[in-house]
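All figures in this text were calculated on a predicted structure; none of them were measured in a lab.
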Amino acid sequence: MDENLDIPIEDQEKKKLGWKEFLETDRAVRITYLTFGLLAAAMVMIFLQTRTDAICCGDWDGYYHIKWSSLLWENFSQGKWLPTFEWLPLTVLNPQSYADHHFLFHLLQIPFTWFFDLETAAKVSTIFYGTLAIFSVYWLMVRYEVKYHLVWFAALMCCANAFFYRMNMAKAPPLTIIITVIGIHLLFQRKYVWLAPLMFAFVWTYSLFPLLWGAALIWTIIIAWNERRFEWRPLAYTTLGLVLGNLINPYFPQNIMLFYEHLMEKFKIASDFAVAVGGEWYSYSAQEILTDFPIAILAMVIGYILFVPRNGKLPEKATFFLAFVSFLCAWQFKSKRFAEYFPPFAILFAAFSWQAYFAPKAVELPDEFRRDIDPYLDKGDAPKTRAEKWKEGAAWVIGCVLFVVVMLNVVGFHRFGIELNGVADSIRSNEPADKYRRAMEFATGLDDSGAENIPKDELIFNANWDDFPKLFYYDTKHRYVYGLDPNYLYSEHPDLYKLLKDITEGKVDDPGPQIREKFGAKYVFTDAKENTDMVAKLLDSGWADIIYEDDEARILEIRDEKAAPPDIDDTTPPTPEEQKELDQEEQNDAAKANANADPDEDEGDDQ
């Protein structure tokens with residue numbers, strides 16, 4: 001009896017395939033496409049990330065994230081549990097209320113700190129997770145056999161400059177994209193039970209976890225329409241993961257309070273924030289949407305045009321992305337914060353709408369059955385029709401055009417008098433990596449007598465909330481008035497926040513005693529080019545002395561008692577930058593004087 005009869009046909013085929021035969025299979029082709037996409041995404045991320053030595057970009061939150069990851073590992077490596085977050089005692093992130101809503105992200109950054117210094121670790125982890133995020137979107141198209149993979153990949157790689165800029169930030173959104181793509185795949189495969197652990201992980205990773213619950217709701221509605229039944233499992237399992245992720249949480253119940261804080265302060269209609277927040281939370285105008293996201297908007301238009309239900313049934317995948325991306329697009333008008341989510345999913349919407357629109361109208365055999373009988377079918381290729389040849393030619397042309405757009409978006413164009421900035425130019429213009437390092441070395445250092453320049457655990461009045469991540473990165477010996485989000489101070493102490501705004505804007509004539517008594521701070525940190533009115537009033541009042549100053553920062557000490565204002569050395573020549581400003585002011589004054597001068601006496605009145 002032939003032993004091969006007991007072996008499944010698929011296994012027989014695998015045994016017969018050599019390397020040459022395997023390389024001709026569809027599976028080998030898919031692996032080749034995926035490998036190319038992974039390498040291309042990695043090359044772009046590496047190129048962009050190395051345009052600056054600093055932890056990229058736009059703000060300094062990445063310095064906070066990697067520093068906190070290192071402090072977590074420092075405790076874990078010593079057999080301790082979570083460290084106490086004691087650096088923002090006046091805010092909702094005080095030691096009693098602190099919750100890390102990026103906890104899993106911080107854990108996933110830790111392995112990179114084992115092999116690199118903190119700055120390099122943050123940059124390498126950003127490349128790693130950013131690459132995986134881009135690749136996950138491409139993988140979804142390849143996995144579901146959307147035709148013209150490379151064309152759609154090119155569209156993804158130029159979907160929006162803002163997308164790649166934000167992918168290069170050392171933050172959690174790349175993980176959000178990865179988790180969301182995995183969740184969408186589980187919905188498409190109807191493997192709903194795995195949504196529970198995935199949602200659990202999402203809750204521990206980032207506070208945008210309701211996005212996955214929304215995806216499950218969209219899928220439930222689609223199934224209800226097509227199959228005339230209520231498919232409860234997607235919502236049930238995502239809800240289960242959401243509840244467990246919040247309850248079985250190292251920061252429970254503070255994590256729920258922090259989520260509520262974010263929900264109330266950030267997700268408001270229009271941009272009516274009680275406190276000025278980071279620029280990413282404000283909205284795009286319609287014109288900015290069109291000019292900053294042309295490829296993503298074009299993809300949306302293509303998706304809408306090609307979306308066509310058939311026989312009263314909705315194309316499941318295309319319908320899902322229509323609803324999901326329409327929601328993201330609407331929120332894009334609400335907040336720039338969604339710039340890393342809307343563009344890639346807009347490409348997916350166009351790709352799956354294309355697939356549904358051009359799907360064969362005739363009934364096809366099930367995929368499993370076709371694979372079983374494939375070895376016995378005639379492999380001869382039918383000659384291509386003229387329409388198919390035109391499609392292939394058009395795909396090549398579109399792919400080449402998109403490749404040019406990718407290059408322009410990434411590196412820009414600076415020739416023949418044309419200045420078109422790319423993402424690399426934006427990243428290159430970031431602040432230097434070592435900004436404030438010298439000031440913080442002084443703050444943590446000793447004077448000539450061996451005494452601390454600023455005693456340990458002193459509260460520093462940092463004049464700008466967005467300086468905190470850099471100060472925290474260099475100096476964990478001291479605490480700070482506010483940081484990460486100005487709402488954190490406003491929510492805990494609204495009166496203190498309002499007073500701080502008045503002080504830092506130079507509206508308080510005698511700020512020294514208020515800083516010392518109201519905030520409990522004896523030291524003031526400010527950028528050398530900012531808060532000049534506040535610094536002038538502190539010095540003129542006789543309540544403060546500058547104990548450190550360089551071209552980046554100033555540190556002032558509040559006196560215990562008022563004294564005479566410090567003498568100002570008027571003989572010190574201005575710096576070139578100061579001289580330029582003085583010259584500009586003189587030119588402006590002269591221009592105003594000429595504009596206001598009386599007309600020539602010999603000329604008559606123009607009446």
Side-chain angles (χ1 to χ4, degrees), residues 36-59 62 123-124 126-127 130-131 133-135 137-138 148-170 174 279-280 284-302 332 336 339-340 342-344 346-347 350 392-435 576-577 580 583-584:
F36 171 80
L38 180 65
L39 293 177
M43 289 173 62
V44 171
M45 287 295 298
I46 292 170
F47 174 78
L48 292 175
Q49 192 64 215
T50 53
R51 296 311 93 190
T52 176
D53 293 332
I55 297 176
C56 191
C57 38
D59 58 37
K123 294 175 75 64
V124 173
T126 301
I127 292 171
T131 298
I134 298 167
F135 175 74
V137 176
Y138 177 55
Y148 308 112
H149 299 149
L150 296 183
V151 174
W152 293 114
F153 179 69
L156 173 64
M157 295 301 288
C158 63
C159 61
N161 283 13
F163 168 70
F164 281 92
Y165 188 82
R166 296 191 64 81
M167 281 295 98
N168 276 276
M169 292 181 172
E280 64 183 15
Y284 282 107
S285 67
Q287 181 178 351
E288 287 175 325
I289 289 283
L290 293 174
T291 57
D292 294 355
F293 302 89
I295 300 298
I297 293 297
L298 179 61
M300 286 287 290
V301 172
I302 291 173
Q332 190 80 348
K336 297 176 182 177
E340 59 262 50
F342 162 64
I347 301 301
E392 288 190 0
W396 275 100
V397 172
I398 294 172
C400 291
V401 171
L402 289 174
F403 176 77
V404 173
V405 176
V406 170
M407 298 302 296
L408 291 175
N409 283 359
V410 172
V411 303
F413 187 81
H414 308 281
R415 297 285 188 278
F416 313 115
I418 300 174
E419 291 297 324
L420 178 65
N421 287 335
V423 184
D425 297 299
S426 300
I427 292 175
R428 196 179 289 114
S429 64
N430 273 258
E431 297 277 10
D434 61 351
K435 188 171 184 180
E577 187 172 322
K580 184 177 180 180
D583 293 342
Q584 185 63 44

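For the residue pair Cys158 and Val406, the shortest heavy atom distance occurs at CB-CG2, 3.6 Å. Heavy-atom minimum distance, Trp152 versus Ile347: O-CG2, 3.9 Å. The minimum heavy-atom distance between Met300 and Ala346, with the atom names listed, is CG-CB, 4.0 Å. Closest heavy-atom contact between Ala162 and Ala339: CB-CB, 3.9 Å. Closest of all the heavy-atom pairs between Ala155 and Leu402 is N-CD1, 3.8 Å. Contact detail for Ala54 and Lys123: the closest heavy-atom pair is O-NZ, 2.9 Å.
Heavy atoms from other residues, nucleotides or ligands lying under 6.0 Å from CG of Asp434 number more than 12.
For the pair Arg428 and Asp425, the minimum side-chain heavy-atom distance is below 4.5 Å. Residues Val423 and Phe163 fail the side-chain proximity criterion, which asks for heavy atoms closer than 4.5 Å. In this structure, Pro344 and Ile134 have side chains that are not in contact, with every pair of non-hydrogen atoms separated by 4.5 Å or more. The shortest side-chain heavy-atom distance between Phe403 and Met157 does not fall under the 4.5 Å cut-off.
Side-chain atoms of Gln49 come within 3.5 Å of backbone atoms of Asn168 as a donor-acceptor pair (strictly under, hydrogens ignored).
A cation-pi contact, defined as under 6.0 Å to the ring centre and within 45° of the axis, links Arg51 to Phe47.
When each of Thr50, Leu48, Thr126, Ile427 is paired with Cys56, the side-chain contact (heavy atoms from CB on, under 4.5 Å) condition holds for Ile427 and for no other.
From Ile302, atom CD1 reaches atom CD1 of Ile297 across 11.5 Å, with rounding to the nearest 0.5 Å. Taken to the nearest 0.5 Å, the CD atom of Glu340 stands 11.0 Å off from the SG atom of Cys159. Going from atom CD1 of Ile398 over to atom CG of Leu150 covers 13.0 Å, rounded to the nearest 0.5 Å. One distance of note links CG of Leu156 with CZ of Phe164; it measures 6.0 Å at 0.5 Å rounding.
Using cut-offs of 30° and 60° for the angle between ring planes, the Tyr138 and Phe153 rings count as tilted.
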